[in-house]
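Every value quoted in this text rests on a predicted model; they were computed, and no experiment measured them. Heads up: numbering here begins at 1 and tracks the sequence.
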Amino acid sequence: MSELYIRVAEDESEEPMEIPSEDDGTILLSSVAAQFPGACGLRYRNPESQCMRGVRLVEGVLHAPENDWGNLVYVVNYPKDNKRKMEEIDAASAVKVKRGFQKTSDLIVLGLPWKTSEQDLKDYFTTFGEVIMVQVKRDLKTGNSKGFGFVRFTEYETQTKVIAQRHMIDGRWCDCKLPNSKASPDEPMRSRKIFVGRCTEDMTTDELRQYFMQYGEVTDVFIPKPFRAFAFVTFADDQVAQALCGEDLIIKGISVHISNAEPKHNNIHQLFPNFPGGSASLAAMFDRSQYQFPSSHV
């Protein structure tokens with residue numbers, strides 16, 4: 001008998017695949033399993049009764065019903081336990097595929113030593129995985145480092161691992177994190193100002209400037225008078241400011257909290273109910289100083 005091809009599918013609703021028969025018209029179960037791993041047999045829908053019928057299997061050989069495979073589509077049988085395992089494997093694979101398609105992002109590296117070069121940065125982060133890009137931000141006029149940079153990895157898993165820990169680069173501890181940004185690309189402007197809460201009265205503008213310069217170039221520091229236990233720090237780069245938001249930092253042995261500096265004049269009275277002159281006076285102070293009130297105060 002000449003070689004025939006039998007139409008076989010994993011499910012009746014799926015596109016069938018043609019499996020070659022043997023010279024005697026039978027099909028080896030191994031031929032089916034080669035295309036459908038785990039297969040233990042075949043079945044088909046009887047055209048007359050519309051019931052599913054099993055194909056006779058003898059010692060690994062499948063025999064055509066009534067010696068004629070016809071134009072029917074044969075459906076693969078799986079052992080119940082094996083099918084369940086395969087479904088679990090497929091689900092796990094789907095998760096891996098999904099993870100694999102998660103895009104990596106530019107990570108901001110805060111607190112870089114002034115001497116760190118882009119090659120130093122690349123050499124360090126290459127130990128975690130393949131690096132697509134590194135950049136040390138520099139002053140356009142002097143060419144000096146601004147104390148921070150960016151790195152991007154090929155694999156999302158590498159990015160996750162890097163963010164989860166601190167990094168000793170050229171003798172200094174550095175933080176690597178996703179810069180906070182607005183959801184819409186139509187809103188590229190981000191505040192370069194941060195709100196520093198829980199300040200103590202002995203903290204000076206020079207001390208705050210010196211402390212925050214380790215993260216990037218500081219353009220201004222403002223401590224309101226009379227003293228209200230908070231301050232504002234403005235960076236040259238908005239990504240540095242946004243990357244610090246939500247952090248608790250230790251300054252002169254005191255834990256301060258960093259948050260966004262956003263206009264919330266309508267909340268001033270709730271946050272500072274005892275301010276002399278009331279909320280209008282405090283709002284005026286913020287307007288005169290050109291600083292804006294944070295969205296949250298901790």
Hey, any chance Phe230 and Phe222 share a hydrophobic cluster, counting ILVMFWY side chains that come within less than 4.5 Å of each other, even indirectly? yes
Is there a side-chain contact between Val32 and Tyr74, using heavy atoms and a 4.5 Å cut-off? no
First locate atom CZ of Phe195, then atom CG of Asn260, and finally report the distance between them rounded to the nearest 0.5 Å. 11.5 Å
Has the side chain of Lys177 got a donor or acceptor atom that lies under 3.5 Å from a matching backbone atom of Ala243? yes
Without swapping roles, check the side chain of Thr160 against the backbone of Tyr156 for a donor-acceptor pair under 3.5 Å. yes
Give me each pair satisfying salt bridge (Lys or Arg N to Asp or Glu O under 4.0 Å) with a member in residues 249-260, each pair once, sequence neighbours excluded. Asp202-Lys252, Glu207-Lys252
Residues in ring-ring contact (aromatic ring centres under 6.0 Å, His included) with Tyr124, at least two apart? Phe128, His167
Are Trp173 and Tyr215 joined in one hydrophobic group, where the rule is that I, L, V, M, F, W and Y side chains link up if heavy atoms are under 4.5 Å apart? no
Measuring from atom NE2 of His257 to atom CD1 of Ile194, what distance do you get when rounded to the nearest 0.5 angstrom? 10.5 Å
Please examine the side chains of Val136 and Ser117, heavy atoms only from C-beta on, and report whether any two atoms are closer than 4.5 Å. no
Within the 3.5 Å criterion, strictly below it, is a donor on Gln210 or Asp206 matched to an acceptor on the partner's side chain? no
Salt bridge (charged side-chain N to carboxylate O under 4.0 Å, His left out), that's the test. Do Asp120 and Lys115 meet it? Break it down for me. CA-CA 9 Å; Asp120 294 332; Lys115 66 178 182 179; over 6 Å; no
Would you compute the distance between atom CD of Gln159 and atom CG of Asp106 and round it to the nearest 0.5 angstrom? 9.0 Å
Only counting residues at least two apart or in another chain, list the ones meeting ring-ring contact (aromatic ring centres under 6.0 Å, His included) with Phe153. Phe125
Check: Arg166 and Asp175 side chains under 4.5 Å, non-hydrogen atoms: yes
List the steps, then state whether salt bridge (charged side-chain N to carboxylate O under 4.0 Å, His left out) holds for Arg192 with Asp237. CA-CA 6 Å; Arg192 296 182 294 112; Asp237 193 287; over 6 Å; no
Heavy-atom nearest pair, Val151 first then Cys176, reads CG1-SG, 4.0 Å
Sub-4.5 Å side-chain heavy-atom contact between Ile254 and Met203: yes
Identify every side-chain donor-acceptor pair in residues 138-146 under 3.5 Å, counting partners at least two apart or on other chains, and give the distances.
residue, atom, partner, partner atom, Å
Arg138, NH1, Gly143, O, 3.3
Asp139, OD1, Lys141, N, 2.8
Asp139, OD1, Thr142, N, 2.9
Asp139, OD1, Thr142, OG1, 3.4
Thr142, OG1, Asn144, N, 3.2
Thr142, OG1, Asn144, ND2, 3.3
Ser145, OG, Gly147, N, 3.0

Look at the side chain of Gln135 and the backbone N and O of Glu118, then say whether any donor-acceptor pair between them is shorter than 3.5 Å. no
Measure the CD1-CD1 distance between Ile163 and Ile108 for me, rounded to the nearest 0.5 Å. 12.0 Å
Could you list all the side-chain hydrogen bond (donor to acceptor under 3.5 Å, both in side chains) pairs where at least one residue sits in residues 26-39, not counting sequence neighbours? Asp24-Thr26
Taking distance alone, no hydrogens or angles, what donor-acceptor pairs closer than 3.5 Å link side-chain atoms of residues 49-66 to residues at least two apart or in another chain?
residue, atom, partner, partner atom, Å
Ser49, OG, Cys51, N, 3.3
Gln50, NE2, Pro47, O, 2.9

Determine, using the 4.5 Å side-chain heavy-atom cutoff (strictly less than), whether Tyr78 and Val73 are members of one ILVMFWY cluster. no
To check you understand the geometry: which heavy-atom pair defines the closest contact between Pro16 and Arg7, and what is its length? CB-CB, 4.1 Å
Is Tyr211 close to Val233 at the side-chain level, that is, under 4.5 Å between some pair of heavy atoms? no
Are Leu110 and Val218 co-members of a hydrophobic cluster defined by side-chain heavy atoms under 4.5 Å apart? yes
Taking the side chain as C-beta and beyond, is there a heavy-atom pair between Met17 and Val8 under 4.5 Å? no
Check Ser259 against Cys245 and note the closest heavy-atom contact, atom names and distance. C-SG, 3.8 Å
If the plane angle is over 60° it's perpendicular, under 30° parallel, otherwise tilted; pick one for Phe148 and Phe150. perpendicular
Verdict with reasoning, Val221 to Phe212, per side-chain contact (heavy atoms from CB on, under 4.5 Å): CA-CA 10 Å; Val221 177; Phe212 284 105; over 6 Å; no
What is the minimum heavy-atom distance between Cys174 and Val109, and which atoms define it? CB-CG1, 4.2 Å
Joint cluster assignment, Ile251 & Ile258, ILVMFWY side-chain distance < 4.5 Å: yes
Quick one: does Ser255's side chain have a donor or acceptor within less than 3.5 Å of a partner on Asp248's backbone? no
Residue pair Thr205, Arg209: steps toward the side-chain contact (heavy atoms from CB on, under 4.5 Å) verdict: CA-CA 6 Å; Thr205 55; Arg209 181 187 298 274; over 6 Å; no
At their closest point, which heavy atom of Ala261 faces which heavy atom of Ser191, and how far apart are they? O-OG, 3.8 Å
Polar side-chain atom of Trp69 near backbone of Tyr5 as donor-acceptor pair, under 3.5 Å: no
Distance col, row Ile6:CD1 vs Leu72:CG, nearest 0.5 angstrom, shows 9.5 Å
A side-chain contact here means heavy atoms from C-beta on lying under 4.5 Å apart; do Leu208 and Ile223 qualify? yes
Looking at CD1 of Ile132 and OG1 of Thr158, how far apart are the two atoms once the value is rounded to the nearest 0.5 Å? 10.0 Å
With heavy-atom distances below 4.5 Å as the criterion, would you say the side chains of Leu112 and Lys137 are in contact? no
If you take all heavy atoms of Met168 and Arg172, which pair is closest and at what distance? SD-N, 3.2 Å
